[in-house]
Amino acid sequence: MISGNIHEKSNLAVLPEPLQRAVQFLKDNDLAAHEPGKFELDGDKMILQVIDQSTGPRENLRPECHRKYIDVQFLAAGGPERIGWYPDLGDNGVDENLLDTPRDICFYKNNPNAREGVIEMQPGSYAMFFPWDVHIPAIQVGEPAKIRKIVIKVALDTCL
């Protein structure tokens with residue numbers, strides 16, 4: 001997991017080139033004004049999802065992971081939002097496995113043994129979740145809040 005903010009002065013050169021392009025896309029585009037939906041940025045190698053949703057209580061949200069894509073999650077507007085995350089150690093019970101579908105997602109049951117960390121997201125914040133990172137997006141901070149969530153899905157094989 002890697003996190004940052006598009007307004008910080010960071011050296012993106014340490015990231016694989018596709019992840020550099022994803023963060024640069026977040027910097028260069030006003031995604032708070034973009035229409036919601038799913039859009040190809042580079043065929044199936046880089047996919048943009050623009051999602052309007054509300055945050056909710058952690059206990060109502062399912063942990064998730066992906067195998068073919070790295071999730072670059074970005075808070076474009078609204079919030080705040082928390083994202084829970086922990087390493088996938090192979091001890092998670094599967095709630096719904098859609099990894100072999102175009103969604104490339106596996107939802108886990110909540111794992112009482114997971115040492116879950118939290119990322120605090122404000123507009124401009126991003127977090128990259130790799131296939132070994134279980135994550136729980138859209139957790140409310142205090143009261144539920146509307147958010148404009150951007151997810152850029154970067155094919156893992158383009159970073160190897």
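Note that these values count all heavy atoms, side chains included, but never hydrogens, waters or copies made by symmetry. Quick caveat, the model's predicted, so the values are computed rather than measured.
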Where at least one partner belongs to [range], residue pairs that pass ring-ring contact (aromatic ring centres under 6.0 Å, His included), sequence neighbours excluded:
range	value
residues 8-36	His34-Phe39
residues 78-111	none
residues 125-151	His66-His135, Phe129-His135, Phe130-Trp132

Side chains of residues 113-121: which donor-acceptor pairs under 3.5 Å do they make with residues two or more places apart or in other chains?
residue	atom	partner	partner atom	Å
Glu116	OE1	Arg58	NH2	3.1
Glu116	OE2	Arg58	NE	3.0
Glu120	OE1	Arg82	NE	3.3
Glu120	OE2	Arg82	NE	2.6
Glu120	OE2	Arg82	NH2	3.4

Report the residues that fulfil side-chain hydrogen bond (donor to acceptor under 3.5 Å, both in side chains) with Asn60, sequence neighbours left out, ordered by chain and then residue number.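 Here no residue qualifies.
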Pairs touching [range] that satisfy salt bridge (charged side-chain N to carboxylate O under 4.0 Å, His left out), sequence neighbours left out:
range	result
residues 22-44	Arg21-Asp42
residues 127-147	none
residues 94-106	Arg62-Asp95, Arg62-Glu96
residues 1-13	none

Output the rest of the hydrophobic cluster of Val151: all Ile, Leu, Val, Met, Phe, Trp and Tyr residues reachable through side-chain heavy-atom contacts under 4.5 Å, sorted by chain and number.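 Once heavy-atom contacts under 4.5 Å are chained together, Val151 belongs with Ile51.
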Using the salt bridge (Lys or Arg N to Asp or Glu O under 4.0 Å) criterion, which residues pair with Lys45? Sequence neighbours excluded.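 Once residues adjacent in sequence are excluded, the partners of Lys45 under the salt bridge (Lys or Arg N to Asp or Glu O under 4.0 Å) criterion are Asp157.
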Restricting to side chain to side chain contact (heavy atoms under 4.5 Å, CB included), what partner residues turn up for Ala77, sequence neighbours left out?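 For Ala77 the side chain to side chain contact (heavy atoms under 4.5 Å, CB included) partners, ignoring immediate neighbours, are Ala32, Arg148.
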